[in-house]
Amino acid sequence: MENVAQFYNAQQKLFVTAMLSSGALILLGALLSLGFGPAGWDWQLAIAWLHPSSFEQFTNLQINIVTEIRLPRFCLAMLVGLVLAQTGTATQALCRNPLADPSIIGVTAGAAVAAVMMIGIGYQYNIDVAFWLPIASFIGALSVTALVAMLSTRGGAINVTNLILVGVALNALAFAVIGLVSFYADDSALRLINYWTMGSLAGATWSTLFNALPLMLISIVGLYSLNKKLNVLLLGESEAKYLGLDVSKLKHKTVIFTAIGVGATVSMTGMIGFIGLIVPHISRMIVGPKITYVMPLSMAIGAAGLLLADWAARNVVSPAELPIGIITALIGAPFFLYLLIQQRSKHA
């Protein structure tokens, strides 16, 4: 009994240390995001927004750069990284497999298809794209999630192999639809479609952020409220049912909240892959499989990671900007191959 208590104490210390380290990375990311860019570097400008009276020493151009460009982009990177990591954690817990991810099983692609179709239709018929984009992305993510769950379920349980195979097929279909819409789109719509497929935070504004914020908050609060139940689900569906957990209801809630979060993020940033895959796995490597530790740590690491990735995307090819989806893919794809090799060696 004493050894068990020591184990849990050590795990809790690791969790606290990891959260503090993630917080430090977020502060570093904030300093870089707010104080450094093509317009120059000034650490005082990065923290001036905390004390509005100190803005007097800066020009109006410098103030506008921070408050209207860098600050909303910083907030968007934080929220998107947090949501993607959290939805990835929930998806992996639901499937009880570290290789599951909203982008791999087709949820992100479904949201992107709906967003691209809304862009194409909106420009042709003068629809308010900014208003309807989050709604369309949510509907696309929810529809694909429901389809994946239906096609990969056997005997009331989700078959992980079928889940990934169905996701691969739907991803291929989604890119075909995106290509078809791009073929018929005009120049202005085509530029936006390319933006969605590669992923970017360049379109961050206060208005777009506030439009999608309610959906993101619903997803964050909803999934976080389920973390203890998802932790029980890791024992297995039959064991969870024996302990009194309504597994079917939990699955439905997890699917809906995941679709809401993914739909909201895709509507603002396009397709940013691999955050939901690698971040939860990194968290499990640090604090173990307990979801009540993995989920908040993944949220913190995801926010910090996307902040730093966005800073790199803005400065690697400065004054131009590299799509952030390229940065995350260059890091995430090799890590995903490592996970596959590790899974293969375990079953060899």
Side-chain angles (χ1 to χ4, degrees), residues 14-37 46 70-93 98-104 107-108 198-202 204 209 216 219-220 223-224 258 261-262 264-266 268-287 291 293-316 321-339:
L14 278 174
F15 171 70
V16 172
T17 302
M19 288 295 291
L20 291 175
S21 301
S22 300
L25 285 176
I26 290 174
L27 290 177
L28 174 63
L31 186 64
L32 292 173
S33 297
L34 298 176
F36 189 81
R70 293 181 183 175
L71 188 55
R73 185 162 181 156
F74 163 77
C75 294
L76 181 61
M78 284 271 294
L79 284 169
V80 170
L82 185 152
V83 169
L84 290 178
Q86 187 187 36
T87 54
T89 303
T91 303
Q92 291 175 11
L99 301 181
D101 170 72
S103 63
I104 291 175
V107 180
T108 303
M198 291 186 290
S200 175
L201 301 177
L209 186 62
M216 298 179 77
S219 176
I220 293 169
L223 287 177
Y224 197 83
T258 298
V262 172
T265 57
V266 171
M268 293 184 295
T269 65
M271 300 172 67
I272 300 177
F274 293 102
I275 294 293
L277 172 65
I278 64 175
V279 170
H281 195 79
I282 292 171
S283 298
R284 278 192 296 272
M285 293 171 64
I286 297 172
V287 296
I291 296 296
Y293 287 162
V294 172
M295 183 173 286
L297 181 58
S298 295
M299 294 163 72
I301 294 176
L306 201 62
L307 273 176
L308 296 175
D310 181 53
W311 176 78
R314 286 190 289 131
N315 294 280
V316 167
E321 181 175 320
L322 194 67
I324 194 170
I326 295 177
I327 299 290
T328 58
L330 287 174
I331 298 172
F335 197 89
F336 180 62
L337 292 175
Y338 162 75
L339 291 181

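The first residue of the sequence shown is numbered 1, and numbering continues consecutively from there.
- To the nearest 0.5 Å, atom CZ of residue Phe74 and atom CG of residue Leu79 are 9.5 Å apart.
- Pairing each heavy atom of Phe15 with each of Tyr293, the nearest pair is CE1-O, 3.4 Å.
- Within 6.0 Å of atom OH in Tyr224, 12 or fewer heavy atoms from other residues, nucleotides or ligands are found, so the atom counts as exposed in its surroundings.
- Atom CG of Asn315 and atom CG of Leu32 lie 8.5 Å apart (nearest 0.5 Å).
- Residues meeting the side chain to side chain donor-acceptor pair (under 3.5 Å) test with Gln86, sequence neighbours left out: none.
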May I have the list of side-chain donor-acceptor pairs in residues 18-30 shorter than 3.5 Å, sequence neighbours left out?
{"from": "Ser21", "atom 1": "OG", "to": "Thr17", "atom 2": "O", "distance (Å)": "2.9"}
{"from": "Ser22", "atom 1": "OG", "to": "Ala18", "atom 2": "O", "distance (Å)": "2.9"}

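- Sorted by first and then second residue, the salt bridge (Lys or Arg N to Asp or Glu O under 4.0 Å) pairs involving residues 293-302 (not counting sequence neighbours) form an empty list.
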Side chain to side chain contact (heavy atoms under 4.5 Å, CB included) between Met299 and Ile220, intermediate numbers included: CA-CA 9 Å; Met299 294 163 72; Ile220 293 169; 3.9 Å; yes
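- Remark: Thr258 OG1 to Leu84 CG distance equals 11.0 Å, nearest 0.5 Å.
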Could you go through residues 268-286 and list every donor-acceptor pair under 3.5 Å that involves a side-chain atom there, pairing it with any protein atom two or more places apart or in another chain?
{"from": "Thr269", "atom 1": "OG1", "to": "Thr265", "atom 2": "O", "distance (Å)": "2.8"}
{"from": "Ser283", "atom 1": "OG", "to": "Val279", "atom 2": "O", "distance (Å)": "3.2"}
{"from": "Ser283", "atom 1": "OG", "to": "Ser298", "atom 2": "N", "distance (Å)": "3.4"}
{"from": "Ser283", "atom 1": "OG", "to": "Ser298", "atom 2": "OG", "distance (Å)": "2.9"}
{"from": "Arg284", "atom 1": "NH1", "to": "Gln92", "atom 2": "OE1", "distance (Å)": "2.9"}
{"from": "Arg284", "atom 1": "NH2", "to": "Gln92", "atom 2": "OE1", "distance (Å)": "2.5"}

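- Side-chain atoms of Met216 and Leu82, non-hydrogen and from C-beta on, never get closer than 4.5 Å to each other.
- With contacts defined as side-chain heavy-atom distances shorter than 4.5 Å, the pair Thr91/Asp101 does not qualify.
- Listed by first and then second residue, the salt bridge (Lys or Arg N to Asp or Glu O under 4.0 Å) pairs that reach into residues 76-85 come to none, sequence neighbours excluded.
- Qualifying side chain to side chain contact (heavy atoms under 4.5 Å, CB included) partners for Pro323, counting only residues two or more places apart in sequence or in other chains: Met198, Ile326.
- Counting all heavy atoms, side chain and backbone alike, Pro72 lies closest to Leu209 at O-CD2, 4.3 Å.
- Closest of all the heavy-atom pairs between Met78 and Ala303 is O-CB, 3.7 Å.
- In terms of the salt bridge (charged side-chain N to carboxylate O under 4.0 Å, His left out) criterion, residue partners of Asp310 (sequence neighbours excluded) are, by chain and number, Arg73, Arg314.
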